[in-house]
Amino acid sequence: MKFLKNIKWTDEKPFSFLQLVSSIAAALFITLLVLFFVSANPIGDFISLLTYPLQGKFYFGYVLVKMVPLTFAGLATLLYFKTGFFNLSTEGIFYICGVVCTIFAVNTNFQTGNGFIDSAIPILISGLVGGLIALGPGLLNAKYKTDELVISLMLNSILFGIGFYIVKTFLAVEGVSGNASAPFSESSKLVNIISGTQVHSGFILMIIAVVAMYILLYKTKLGYTIRMAGFNKNFAKYSGMSAFTLLIAVHFLAGFLGGAGSAIELLGIYKRFSWATLPGLGFTGALMAMLGKNHPLGVLVAAFGISYLRASAQLLANSNPVIDVKLISVVEVILTLLISSQYFLRAWRNKRLIKEEISNEQ
């Protein structure tokens with residue numbers, strides 16, 4: 001308690017933490033209010049939502065599995081936000097790179113029989129394709145001053161259309177409902193690392209990606225330039241790196257993370273490619289970055305929190321008609337609104353600052 005009293009909550013970092021905690025509390029409180037209208041046992045359902053994944057090894061493992069795509073999407077978006085870009089093309093990149101991954105994962109001509117190599121090839125190639133695609137909105141913005149947000153959103157629809165056409169025309173097999181591909185080869189699938197769960201080696205790759213991103217951003221010259229460019233667009237030039245080079249580096253890395261994350265998700269828990277819609281990770285990646293305060297470790301924590309609630313809702317949906325993933329969408333929307341708001345708790349902070357100023361003068 002003494003430690004908490006010594007914290008100056010009006011300082012930027014403690015205030016950001018307070019905003020985050022308050023936003024989560026507000027979102028959960030509103031979720032509880034919604035349950036009062038739709039559930040016969042709102043308190044019990046709310047407690048179940050918060051505790052269900054802790055009831056078994058498999059359930060908690062499901063939370064860890066759902067963290068993987070959220071973390072990769074968050075890391076990709078974090079890079080954009082750090083440099084002042086607002087690119088949401090991770091959504092389309094996840095889909096089209098999933099198609100690219102499938103081409104290599106179902107075709108034995110591209111495989112060696114070695115599990116490490118056969119899974120690494122689709123992941124790396126998907127990452128490279130994602131990196132190249134991500135350059136599009138950035139280059140258009142640099143050369144023609146186009147709105148990167150609008151271009152990236154349009155690109156998502158284009159990438160989905162191209163990807164769906166490839167799947168329907170070249171990859172779909174007969175005897176399977178929908179437009180689904182042939183099964184992935186066993187050697188291309190990621191291995192299970194925790195028995196009795198769905199947790200696969202992609203979870204380890206996710207941790208490596210978070211650590212690598214932290215090292216890049218906080219231990220290298222490129223990372224320092226990326227962070228400072230978010231405050232001053234001319235900083236790259238003063239640091240000896242051209243703004244164009246910085247744009248290329250950021251967009252390629254972000255696209256690589258999105259593409260690799262897509263392949264890891266597919267080879268980790270899917271038997272075949274069966275996505276009929278966009279995976280919904282563009283705005284979710286933005287939410288992860290905002291919740292994590294544009295820090296790699298923050299993104300990891302945010303991904304755990306959101307995946308925990310999503311996993312809990314999906315697991316409960318089998319036995320509880322009231323709770324489903326749509327309910328968690330309420331939490332996510334409220335969090336997005338509160339975290340992105342420049343005014344949430346600002347009035348409280350301003351009053352505290354005035355009181356502190358008066359107290360110091362006396």
Side-chain angles (χ1 to χ4, degrees), residues 9 11-32 34 49-50 53 62-91 94 149 152 203 206-207 209-214 216-218 226-227 230 254 257-258 261 265 279-314 325-346 348-349:
W9 292 105
D11 288 345
E12 192 61 35
K13 288 186 177 180
F15 178 67
S16 295
F17 176 77
L18 186 62
Q19 271 188 318
L20 176 61
V21 173
S22 300
S23 299
I24 294 172
L28 291 177
F29 178 71
I30 292 174
T31 302
L32 177 60
V34 171
L49 182 66
L50 297 182
Y62 189 55
V63 174
L64 300 183
V65 165
K66 292 188 72 66
M67 278 181 67
V68 176
L70 299 186
T71 301
F72 276 99
L75 291 176
T77 310
L78 174 156
L79 277 172
Y80 294 131
F81 286 2
K82 279 287 187 183
T83 42
F85 297 113
F86 205 84
N87 186 326
L88 294 179
S89 61
T90 304
E91 178 88 358
F94 247 80
L149 173 60
S152 64
F203 184 81
M206 176 195 72
I207 299 298
V210 170
V211 173
M213 187 59 60
Y214 175 82
L216 171 68
L217 289 175
Y218 297 97
I226 289 172
R227 288 186 289 121
L257 285 167
E265 169 74 352
L281 288 167
F283 287 103
T284 302
L287 176 60
M288 296 303 103
M290 286 189 291
L291 283 176
K293 296 299 179 182
N294 287 336
H295 192 288
L297 298 179
V299 166
L300 185 67
V301 174
F304 174 79
I306 295 299
S307 66
Y308 185 95
L309 290 175
R310 285 187 177 185
S312 182
Q314 287 183 341
V325 179
K326 293 179 182 178
L327 181 65
I328 304 307
S329 297
V330 174
V331 179
E332 295 179 17
V333 169
I334 295 168
L335 284 175
T336 302
L337 291 173
L338 294 179
I339 294 296
S340 60
S341 173
Q342 297 296 315
Y343 301 101
F344 182 56
L345 292 182
R346 289 286 175 180
W348 172 86
R349 185 189 190 192

**Student:** To check you understand the geometry: which heavy-atom pair defines the closest contact between Glu91 and Gly280, and what is its length?
**Tutor:** OE2-N, 2.9 Å
**Student:** Apply the test side-chain contact (heavy atoms from CB on, under 4.5 Å) to residues Val65 and Phe203: give CA-CA distance (whole Å), side-chain angles for both, the deciding distance (0.1 Å), then the verdict.
**Tutor:** CA-CA 7 Å; Val65 165; Phe203 184 81; over 6 Å; no
**Student:** Just by modelled atom types, is the Tyr308 backbone N or O under 3.5 Å from a matching donor or acceptor in the Ser312 side chain?
**Tutor:** no
**Student:** Ignoring hydrogens and angles, write down the donor-acceptor pairs under 3.5 Å from the side chains of residues 68-77, residues two or more places apart or on other chains.
**Tutor:**
{"from": "Thr71", "atom 1": "OG1", "to": "Met67", "atom 2": "O", "distance (Å)": "2.9"}
{"from": "Thr77", "atom 1": "OG1", "to": "Ala73", "atom 2": "O", "distance (Å)": "2.9"}

**Student:** Would Leu300 and Met288 count as a side-chain contact (heavy atoms from CB on, under 4.5 Å) here? Give the steps.
**Tutor:** CA-CA 8 Å; Leu300 185 67; Met288 296 303 103; over 6 Å; no
**Student:** Measure the CG-CD distance between Leu309 and Gln314 for me, rounded to the nearest 0.5 Å.
**Tutor:** 11.5 Å
**Student:** How long is the straight-line distance from OG1 of Thr83 back to CG of Asn294, given to the nearest 0.5 Å?
**Tutor:** 9.5 Å
**Student:** Roughly how far, to the nearest 0.5 Å, is the CE atom of Met213 from the OH atom of Tyr218?
**Tutor:** 10.5 Å
**Student:** Determine the minimum heavy-atom distance between Leu88 and Phe283, stating which atoms define it.
**Tutor:** CD1-CE2, 3.5 Å
**Student:** Whether the side chain of Arg227 engages the backbone of Leu217 through a donor-acceptor N/O pair (distance < 3.5 Å, no angle test) should be reported.
**Tutor:** yes
**Student:** Flag yes if more than 12 heavy atoms outside Phe29 fall under 6.0 Å of its CZ atom; otherwise flag no.
**Tutor:** no
**Student:** Take Thr284 and Thr90, measure what side-chain contact (heavy atoms from CB on, under 4.5 Å) needs, and give me the verdict at the end.
**Tutor:** CA-CA 10 Å; Thr284 302; Thr90 304; over 6 Å; no
**Student:** Does the ring centre of Phe86 sit less than 6.0 Å away from the ring centre of Tyr80?
**Tutor:** no
**Student:** CG of Leu79 to CD1 of Ile226: how many Å apart, nearest 0.5 Å?
**Tutor:** 5.5 Å
**Student:** Check the pair Ile24, Val331 against side-chain contact (heavy atoms from CB on, under 4.5 Å), reporting the backbone distance first and the verdict last.
**Tutor:** CA-CA 8 Å; Ile24 294 172; Val331 179; over 6 Å; no
**Student:** How long is the straight-line distance from CG of Leu291 back to CZ of Phe304, given to the nearest 0.5 Å?
**Tutor:** 14.0 Å
**Student:** Are the side chains of Val210 and Leu297 in contact, using a 4.5 Å heavy-atom criterion?
**Tutor:** yes
**Student:** So which heavy atom on Ala209 is nearest to which on Leu257, and how close?
**Tutor:** CB-CD2, 4.4 Å
